[in-house]
Amino acid sequence: MSTEENPAAAPRSLAEALRGRDDVSLAALLRSRPDLITPVPTDLTQLATRAGTRASVVRALERLDRFTLQAAQALAVASDPVTYGELLGLMAGDDGDPAVSAALPHALGTLREQALVWGGEDRLRLVRTARELLAPSPQHPSPTGLGPTVREAAAGMSPGRIQEIVATAGLPSTHDSVSALEALAGLFSDPERMSALLDQAPSESVEVLERLVWGPPYGQVTADPAPRLRWLLDRGLLLPTAPGTVVLPREVALRLRAGRAHRTTEPVPPTVEAAAAHAPRIVDATAAGQAYTALATVEELLKDWHEGGPAVLRAGGLSVRDLKRTAVALDVPEPVAAFWVELAYAAGLLASDGEADERYAATPAYDEWLERPAGERWARLATAWLAATRTPGVVGERDAKDRTLSALGPGLDRSAAPEVRHRVLALLAGLPEGAAPDGESLLARLRWERPPRVVRTGGGAPSPYARRTPAQPAEGARGAVARAETPGYAEDGRAGGEDDLRSRLARWTLAEAEMLGVTGRGALSSHGRALIGAPAPRHAEAEPEPTGPGDKLPVHHRQAPAPRVLSPAEQATAAAGAARLLEPLLPEPLDHVLLQADLTAVAPGPLERPLADMLGVLADVESKGGATVYRFTPGSVRRALDAGRSAADLHAFLAAHSRTPVPQPLAYLIDDVARRHGHLRVGAASSYVRCDDDAVLNEILADKRAAGLGLRRLAPTVLAARTDPAALLEGLRAMGFAPAAESAEGDVLIARADAYRTPPRTPPAPVPDGPPVPDDTLLAAAVRAVRAGDLASTAPRRPVGGEAAGAEPGELPRTSAADTLATLQAAVLTNDTVWIGYVNAEGAASQRVIAPIRVEGGFVTAYDHTADEVRTYPLHRITGVAELAD
């Protein structure tokens, strides 16, 4: 039995409470609060000290569900210590709430496990730092809406005034203010006497109390209060805290609330309701179609940036103009374009090239990705999306320095994003197969599991429960008490109210999961379920079939627990399983197109990669959808000829891959462009134009559009130009000619569009939301180290040679070199265990309990109980040694 459960061994501190825990309980604490083992504490006293620091307590409070947080808030306004019965009364009220009574032990167990509460059920204590954060004060009222106690509120009042209040309330006078305030608090806490006192109150006075009872408890009065307020002030039901300001004492508010610390307690998490139900096969088919579209969109994005994408802004990221161009090219809205760009970046397919004129381009990993099967390519995108902390939803917003956040730029990381994505998908996995969730019920569940994080909107140190000071009186009547407005909350210092960051992340997750193909029609697909490692759904035999996709189906079943966090190896296995499930659902690539007489080609589905690549050079995409329409133009045919293809190659290619005969207009177009292609030759002079037909050159010189090219005749068949060859080529093509570039040797240059790639790049590392959760091996080692360190620091010892060997707790033993050597040699002979102080090469001091094996050559070899292994220590680094007491 632990000391927390044994009243006879009640702990006097958090350290003693932790010392009474078993290894499983300590491991649970370190797992729930991983910041406590960064680095591993030397002993349990240091662990308790670290668990009570402000930053660690704030982090722990932010990860409590709403009911557990309400229990902590109730402990903060209760006496210290408090019994379990008193806590239950604050949570369930005088009438009792069965749901609260059933849920409170689990909530209290969570607070105990996370070392926020310690002590037995008859003496529960909230960690002091948590009490400071949650307890009410004039500057930061409690989330419960309660004010200070009678003693706290009357701290600045004169003894004479206190005695007047006691006498007016019908209590006997006392000899001191302390006993007078205790008597007044006892009156307010006694249901019968309090009811009798309120029965005497004017109805207007009761209305004032009702306006303040649920908080904020502060109000303002004039110098000459109205009679209804004077009645309350004379009996201590309202107490002045500052000139013109009064407060409703906590004891009065609790009695008016029937003992409840909160107006509404939420012991049971809200149920995620299903808004619609679909057949699972329809969900999978829809999700597979979205997955194919996602792959095609990423390919189209990076193909558009083959020869180097947009320039990188000086501050990093894409410019607004480049994002708009990308959105137009992908035919999607700008926020959606930002999502696809960020997804490719998170998957390592896109990066900056790092050159002086820095631009974005595809990485070498993109070429490897293209060669993988479609299912594996999708799994890589989905896995990167799940783990990414970069959040494209905030693109276009402004940061703390009022700078616009840009796609691919800094400032987009939101460390809570991966957790929210996993949790949203886990909640979807808990619904019946094919059910799409109701968005509001899903957000309500998330807000219950993790209430919106809040920080102080003003200056000072951050607090998770900051509140605005009470508002000034709004009523103009003399002596009126103005109820303060509802306390305001600010999420991340920017947006307030219920629309917190986690809710926004959840909405973005639902939208992004649909675009990516993780969900279909709002329901989790089978490959999406496999992606997060969720178990396969159970099919109820008697479950009625929905009659339509819009049927409202309230789900009254136990929500499935969240899948545990997967290790990298398990995530890779889950991604491979998702790819296997998705692969059969994706359309098979086709090896043919349908040529039409209007110079178009219709691809009735996805094309094989060689066919798609060649057709993308030979024709322009005119429309997309289930079938892609390509259009052949003189420019597109010339592009294929520039890439090194001949007219015969193009005829053969079309004949081989068309299910319809090659239309005569298309054959004429290819032959006509090929006949003119290369008739002119452009080289470097700065540049020149060469043509065997001097009449063509005369026509160019006579054209007014050639004035800007700076042409002059060098020979009957050669023209020189001031512009470079590329500009000359573009100018002549704009005039309607079809020139070809040539090398210094006079050979035609093949203008194949070589793909530009960045050097090898690693994907952006997610920004963790605090230390990672340790695995079982690390937890076991950390618990063992803390136990051993605690043994070393608390083991009783006796001095050596009459000297005090570090009698103070935490001090290193100090003995002379001769005594140290003699004690260690004696321990070797007697097989005793001793306690030593040791300073390592970095100057870090530690205490160790060792069993010496041998002492020779200036070293002692011993079994170190602290490290649970045999080690060798230089004697000159041992500060002292002490024998352990019997």
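None of the values given here were measured: they were computed from a predicted structure.
- Every pair passing salt bridge (Lys or Arg N to Asp or Glu O under 4.0 Å) that includes a residue from residues 234-247 is listed here, sequence neighbours excluded: R161-D234, R230-D234.
- For the pair Q70 (side chain) and E266 (backbone), a donor-acceptor distance under 3.5 Å is present.
- Taking OG of S503 as the reference point, atom CG of L442 lies at 9.5 Å (rounded to 0.5 Å).
- Looking only at side-chain heavy atoms (C-beta outward), L238 and L248 come within less than 4.5 Å of each other.
- When all heavy atoms are compared, the tightest approach of P771 to P34 is O-CG, 3.7 Å.
- The side chain to side chain contact (heavy atoms under 4.5 Å, CB included) search around P202 returns E204, S205, W231, not counting sequence neighbours.
- In this structure, L18 and W118 have side chains that are not in contact, with every pair of non-hydrogen atoms separated by 4.5 Å or more.
- For R128, there are no salt bridge (Lys or Arg N to Asp or Glu O under 4.0 Å) partners, not counting sequence neighbours.
- Using a distance-only test at 3.5 Å, with no hydrogens or angles considered, a donor-acceptor pair links the side chain of S189 to the main chain of A185.
- Every pair passing side chain to side chain donor-acceptor pair (under 3.5 Å) that includes a residue from residues 93-105 is listed here, sequence neighbours excluded: D94-R255.
- With sequence neighbours left out, T404 forms a side-chain hydrogen bond (donor to acceptor under 3.5 Å, both in side chains) with R398.
- Every residue meeting the side chain to side chain contact (heavy atoms under 4.5 Å, CB included) condition with R50, not counting sequence neighbours, appears here in chain and number order: L36, P39, P41, Q46.
- Scored by the side chain to side chain contact (heavy atoms under 4.5 Å, CB included) test, P269 finds R445, W448 as partners (sequence neighbours excluded).
- Of all heavy-atom pairs between V206 and L198, the closest is CG2-O, 4.4 Å.
- E152 has a carboxylate O that lies under 4.0 Å from a charged side-chain N of R250, or vice versa, which qualifies the two as a salt bridge.
- With a 4.5 Å cut-off on side-chain heavy atoms, T144 and L90 do not count as touching.
- Of the possible polar contacts, one joining the R21 side chain to the E113 backbone as a donor-acceptor pair under 3.5 Å is found.
- With R414 contributing its side chain and G411 its backbone, the two residues share a donor-acceptor pair below 3.5 Å.
- Of all heavy-atom pairs between L116 and V57, the closest is CD2-CG1, 4.3 Å.
- Note that CZ of R19 and OG of S13 are 7.0 Å apart. Values are rounded to the nearest 0.5 Å.
- In this structure, CZ in R211 is found 8.5 Å from CD in E207, a value given to the nearest 0.5 Å.
- The two residues L134 and P143 make their nearest non-hydrogen contact at O-CD, 4.0 Å.
- Under the salt bridge (Lys or Arg N to Asp or Glu O under 4.0 Å) criterion, R131 pairs with D80, not counting sequence neighbours.
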Verdict with supporting geometry, L405 and L412, side chain to side chain contact (heavy atoms under 4.5 Å, CB included): CA-CA 7 Å; L405 298 173; L412 299 188; 3.8 Å; yes
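- Of the possible donor and acceptor atoms, one in the side chain of E16 sits under 3.5 Å from a partner among the backbone N and O of R12.
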Can you list the steps and then say if D500 with R447 is a side chain to side chain contact (heavy atoms under 4.5 Å, CB included)? CA-CA 9 Å; D500 60 294; R447 293 190 187 108; 3.9 Å; yes
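- R507 places no side-chain N or O within 3.5 Å of a backbone atom of L443 that could act as its donor or acceptor partner.
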Would L187 and V166 count as a side chain to side chain contact (heavy atoms under 4.5 Å, CB included) if you check the C-alpha gap in whole Å, the side-chain angles of each, and the deciding distance to 0.1 Å? CA-CA 10 Å; L187 168 64; V166 169; over 6 Å; no
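- In this structure the side chain of L501 never reaches within 4.5 angstrom of the side chain of V420, judged on heavy atoms.
- Side-chain polar atoms of S177 and Q163 form no donor-acceptor pair below 3.5 angstrom.
- Remark: side-chain polar atoms of T174 are paired, donor with acceptor, to backbone N or O of D176 under 3.5 angstrom.
- Remark: R123 pairs with no residue by the salt bridge (Lys or Arg N to Asp or Glu O under 4.0 Å) rule, at least two apart or across chains.
- Checked against side chain to side chain contact (heavy atoms under 4.5 Å, CB included), E512 has the following partners two or more places apart in sequence or in another chain: F339, W385, P392, R421, W508, M515.
- T110 places a side-chain N or O within 3.5 Å of a backbone atom of H106 that can act as its donor or acceptor partner.
- The shortest distance between side-chain heavy atoms of R257 and L146 falls below 4.5 Å.
- Taking CG from L124 and CG from D122, the interatomic distance works out to 8.0 Å, rounded to the nearest 0.5 Å.
- Looking at heavy atoms from C-beta onward, V77 lies out of side-chain contact with L254 at the 4.5 angstrom threshold.
- Remark: the backbone N or O of Q114 is paired with a side-chain donor or acceptor of R33 at under 3.5 angstrom.
- For the pair V117 and L126, the minimum side-chain heavy-atom distance is below 4.5 Å.
- Looking at P437 and L427, their side chains never come closer than 4.5 Å, going by heavy atoms from C-beta outward.
- Listed here is the closest heavy atom pair of L212 and P216: CD2-O, 3.8 Å.
- Looking at residues two or more places apart in sequence or on another chain, you find a salt bridge (Lys or Arg N to Asp or Glu O under 4.0 Å) between E419 and R450, R502.
- Across every non-hydrogen atom of G145 and P217, the tightest pair is O-CD, 3.5 Å.
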E210 and L256: CA distance, side-chain angles, deciding distance, side chain to side chain contact (heavy atoms under 4.5 Å, CB included) verdict: CA-CA 8 Å; E210 290 176 348; L256 294 174; over 6 Å; no
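- Separation of atoms CG (L104) and OG1 (T68) is listed at 9.0 Å; rounding is to 0.5 Å.
- The CG atom of L133 lies 11.5 Å from the CD atom of Q73; values are rounded to the nearest 0.5 Å.
- Pairs engaging residues 214-223 under the salt bridge (Lys or Arg N to Asp or Glu O under 4.0 Å) rule: none recorded [sequence neighbours left out].
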